[in-house]
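Here is the structure we will look at.
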Amino acid sequence: MTPRRTLLALASLAVCALATGPLAAQTTTKLKVGLMLPYTGTYAALGNAIENGLRLYVSEQGGKLGGREVEFFKVDDESDPAKATDNVNKLVKRDQVDVLVGTVHSGVAMAMAKVAKETNTLLVVPNAGADAVTGPLCGPNIVRSSFSNWQPGYAMGEVMAKKGHKKVVTITWKYAAGDESVKGFKEAFEKAGGQVVKDLSLPFPNVEFQALLTEIAATKPDAVFTFFAGAGAVKFVKDYAAAGLKKNIPLYGSGFLTDGTLEAQGADAEGLFTALHYGDSLNTPRDNAFRLAYAKTYKLQPDVYAVQGYDAGQILGIGLAAVKGDVSKKAEFAAAVQKAKIDSPRGAFSISKAGNPVQDFYLRQVVGKENKVVGVASKGLADPARGCKL
Ligand code: PHB
């Protein structure tokens, strides 16, 4: 090589190194994923299913997302909003994670979203429906793989009105998820001419339902709409039947009431109608493959939480591939995710500008140990994203 050529070759090598240097460093270091989920308490099973789903997706990708090997850091948030800010800071400040994934409980998720905003950390919410997360707290670094609380409530409001119910009592836990599910339900049900005659609630995670069930019996509504989930949902469905209400006053809910709970609820759940973005009998090639892989890996049947965890992985995979593993590129991450169709076991869905899934809500009925899909409650339902300014 002539000296001039050598010089040119060296110069172009230097340019290459400059262009790829920081990126190469990004993609060769591990991607630290901070998992903040409930592993104890009424939502423990939900947290475990989410982690299982996420790990399944990551292992299908050879343990990598966006070209980077994934390393998990875990915190049990106990579904306790009072500990949430400290817990999320363990991941962000102590462990210095690149990405946060969490959580189940809406109150905890709002604290996570605030910290994610302040520290500009990428956050994928694999369950908690808090409307604020994709409302006033929305941002390019926050995306949800699940639903907003408004969505299943709204879908069920339309269904119950169509079924001809006029006077309804609602019953739920007094916190964002319960309040917002009921609000979504009311919006659709009252628009269609129905009337909510009484709103009943108890503090989360209490399960002393007796006095409230007595009040339902005395009020004699046409039907009841409810939001409960996890271990609390198991107890509520059993207590509702034991109080003799099931045969006289039909019980409806957002689908969490009967998801991941049917083994424990047994015959007391039989026949219940719920609305949710997943069901047990979709029988699509995509869902069948997912269910088989999940069952083989964990010796368990998946539920909606497992799907949401799996899809949190898919969303991360799509966004991180677009930025080649560089988590600092929030706007490019968000743009890629919003352009994508997520090939979910629930059916393909897209992500709105506010970061929430736009998706079908199925009408399901409990038949044996399955939430059988019997129709579509609301097609392509988008959260109104009230208060989201982008
Ligand atoms: C919530 O707190 O947002 C929440 C918890 C459990 C569910 C659904 C929503 O199943």
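The structure presented is a predicted model; accordingly, all values stated were derived computationally and were not measured. Side chains are part of it too, since the values below use all heavy atoms of this structure and drop only hydrogens, waters and symmetry mates. Atoms within each ligand, like the ligands themselves, are counted from 1 in listed order.
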Are any of the side-chain heavy atoms of [X] and [Y] separated by less than 4.5 Å?
X    : Y    : answer
F273 : V374 : yes
H277 : V304 : yes
V99  : T121 : no

Answer with yes or no after comparing the ring centroid distance for F225 and Y252 against a 6.0 Å cut-off, counting only values under it.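 Here the rings of Y252 and F225 have centres that are no less than 6.0 Å from each other.
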
Are the aromatic rings of F204 and Y43 close, with centres under 6.0 Å apart?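 Yes, the ring centres sit under 6.0 Å apart.
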
May I ask you to say whether D280 pairs ionically with R291, meaning some side-chain N is under 4.0 Å from a carboxylate O?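 Result for this pair is yes, salt bridge flagged.
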
With the threshold set at 4.0 Å, does a side-chain nitrogen-carboxylate oxygen contact exist between D268 and K246?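 No, this pair does not count.
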
Quick check on contacts: which atoms of ligand 1 are under 4.0 angstrom from a heavy atom of [X]?
X    : result
A229 : 6 (C), 7 (C), 10 (O)
N127 : 4 (C), 5 (C), 6 (C), 7 (C), 8 (C), 9 (C)
H105 : 2 (O)
N149 : 3 (O)

Per-residue contact class, F147 against ligand 1 - non-hydrogen pairs under 4.0 Å: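 Side chain only; the backbone of F147 stays clear of ligand 1.
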
Using distance alone, determine whether Y175 and ligand 1 share an N or O pair under 3.5 Å.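 Yes; at least one N/O pair falls below 3.5 Å.
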
Nearest protein heavy atom with distance in Å, relative to [atom]:
atom                    : result
atom 10 (O) of ligand 1 : Y305 OH, 2.7 Å
atom 1 (C) of ligand 1  : V104 O, 3.1 Å
atom 3 (O) of ligand 1  : S106 OG, 2.6 Å

